[in-house]
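What follows is a set of notes on a single structure, which appears directly below.
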There are 2 protein chains.
Amino acid sequence: MRADAQRNAEKLRAAAAELFQERGLKVPLKEIARRAGVSHGTLYNLFGTREALIDDVVAGLAADRLGAAAEHALSFEDAGKGFAYYVQRVCELQATDPAVADVVSGRFPAAECLMAICGQAQDAATRIIERARLAGAIRPDFTGEDLLLFFGTSALLARAVADTAPDAWRRQVAFLLDGVRTEAAHGPLPFAPPAPQQIPDVMSRLAGTP
Amino acid sequence: MRADAQRNAEKLRAAAAELFQERGLKVPLKEIARRAGVSHGTLYNLFGTREALIDDVVAGLAADRLGAAAEHALSFEDAGKGFAYYVQRVCELQATDPAVADVVSGRFPAAECLMAICGQAQDAATRIIERARLAGAIRPDFTGEDLLLFFGTSALLARAVADTAPDAWRRQVAFLLDGVRTEAAHGPLPFAPPAPQQIPDVMSRLAGTP
DNA sequence: GAGTAAGTTGACCCAGGGGTCAAGAAACTG
DNA sequence: CAGTTTCTTGACCCCTGGGTCAACTTACTC
């Protein structure tokens with residue numbers, strides 16, 4: 001590979017990393033090229049497909065973060081607390097990084113590494129749930145699939161509220177946790193709900209252009 | 001208005017009603033015209049904007065359904081049961097009719113009648129929640145805004161699972177209800193979770209082209 | 001410092017959706 | 001039935017995004 005190609009690939013990786021993190025994995029490729037200061041032809045030339053770029057730029061990072069979350073969750077003495085930590089942490093990652101949200105949601109089935117990560121995350125989730133269930137901390141009929149669906153909706157919510165009420169998703173997480181754990185008590189809710197006048201904005205983002 | 005224009009408007013209303021119900025309120029207008037057997041120019045001519053068409057075709061229907069749900073919810077002796085009914089019923093409406101889902105989500109802020117309905121639904125929700133709270137059936141920190149956000153995510157989930165696991169959303173509703181009510185007991189979950197092999201499909205729909 | 005291989009560019013193609021409008025067709029009206 | 005008004009049509013414009021490729025530039029090699 002020629003030196004200038006190497007440089008361009010680097011510029012493209014940097015631009016992609018930025019844009020993926022800002023706006024998710026389906027940012028227009030031409031925009032990535034623009035930010036990298038390079039023709040979009042070059043992007044296609046060096047990476048071929050969006051999936052390859054994603055695998056190259058995002059996969060490792062996402063794997064690290066999700067892996068760390070799972071590991072930490074399993075290190076808790078209290079399996080129930082570990083479970084709660086995991087759910088919150090993954091949602092937090094999704095909220096702070098749209099790219100991670102897209103990874104967890106499996107939005108790009110064609111990106112190989114990414115799907116592998118997705119699978120690992122799912123396995124981790126299953127283990128964490130199983131552990132909490134055996135400890136009697138969560139209802140026995142809660143499954144990994146339930147959690148994944150929740151993550152999917154939570155990712156969308158987090159993105160929808162990001163500019164308006166960036167912590168609104170935390171309340172939904174709290175409802176889920178309270179709906180799933182066996183202990184009766186409701187903990188106090190984190191943060192206030194969005195103000196009524198924020199709702200139209202948030203709702204339209206939720207359903208609108210993702 | 002000329003007789004043929006009247007006829008065409010009727011054909012367009014019918015086609016729009018069908019397509020809105022099948023695929024939600026952001027179906028391409030040209031497709032509506034195509035199904036009506038009419039040029040898209042005629043659609044623009046007779047209705048002007050998508051919002052006008054929506055107001056004309058969907059608003060009344062949605063208002064009726066949501067209104068009936070609210071009314072029935074308030075007719076329950078047990079305020080907590082009324083609340084649970086309302087949440088389930090609204091989600092059910094969203095699941096069976098993408099158009100209603102879009103109405104509840106406020107996806108089209110420019111459609112006047114529709115926004116009015118949205119406001120009414122919100123008021124109803126607030127009343128139902130307030131009643132349940134006063135009866136001590138739900139946690140006191142749960143608000144109408146929380147419920148609306150939940151409806152927003154639930155609409156997306158229901159649509160995502162529609163073809164694959166059409167009742168998967170019911171479990172998330174159950175988690176919410178259990179997370180929100182003051183009684184300790186978890187009811188049995190409605191339906192099984194989606195099968196693991198269904199998850200990729202569902203997740204990609206959740207995040208994918210809405 | 002040529003010659004050659006490698007890489008870059010931007011004009012170009014496509015599809016899909018929103019929207020407009022001059023010309024032609026159809027329905028009323030007297 | 002002719003004249004007038006209303007309505008319809010489909011070609012046309014816009015835009016965004018994905019993707020390709022011939023012609024040009026640049027870097028490496030001898």
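Lettering of chains follows the sequences in order, A, B, ..., and the numbering in each one begins at 1.
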Atom-to-atom span, OH of A:Tyr44 to P of C:dC14 - whole angstrom: 16 Å
Nucleotide nearest A:His40 when distance is taken to its side chain, options C:dA27, D:dG19, D:dC7: D:dG19
Closest nucleotide among D:dG17, D:dT8, D:dG19 to the B:Asn8 side chain: D:dT8
Per B:Asn45 side chain, nearest of listed nucleotides C:dT8, D:dG10, D:dT8: D:dT8
Sidechain-backbone polar pair: B:Asp102 side chain, B:Gly24 backbone, donor-acceptor under 3.5 Å: no
Base C:dG17 paired with B:Lys26 side chain (donor-acceptor, <3.5 Å): no
Short side-chain to backbone donor-acceptor contact, B:Asp55 and B:Leu114, under 3.5 Å: yes
Comparing B:Val38 and A:Ala3 on DNA chain D - which has the more 5′ nearest nucleotide: B:Val38
Euclidean distance, atom CZ of residue A:Arg34 to atom C1' of D:dT16 [Å, nearest integer]: 10 Å
Polar side-chain atom of A:Arg139 near backbone of A:Gly179 as donor-acceptor pair, under 3.5 Å: yes
Distance in angstrom units between A:Leu46 CG and D:dT20 P, rounded: 14 Å
base_contact_polar (D:dA27 base, A:Arg2 side chain, donor-acceptor, <3.5 Å): no
Donor-acceptor pair present, B:Lys30 side chain and C:dG16 base, under 3.5 Å: no
Whole-Å gap separating P (D:dC7) and CG (B:Leu43): 15 Å
Among D:dG18, C:dT8, D:dT8, the nucleotide that comes nearest once only the side chain of A:Leu29 is considered: D:dG18
Whole-Å gap separating P (C:dA6) and CD (A:Gln6): 15 Å
Side chain of B:Ser39 - closest among D:dG10, C:dG19, D:dC7: D:dG10
Integer-rounded Å distance: D:dG18 C1' and A:Glu31 CD: 14 Å
5'-most by nearest nucleotide on DNA chain D - A:Arg7 or B:Met1: B:Met1
Whole-Å gap separating C1' (D:dT20) and CZ (A:Phe47): 19 Å
Whole-Å gap separating P (D:dT8) and CG (B:Asp4): 5 Å
Check: C:dG7 base within 3.5 Å donor-acceptor of A:Thr42 side chain: no
Donor-acceptor side-chain pairing of A:Thr143 and A:Asp146 below 3.5 angstrom: yes
Between A:Phe150 and A:Phe142, ring centroids under 6.0 Å: no
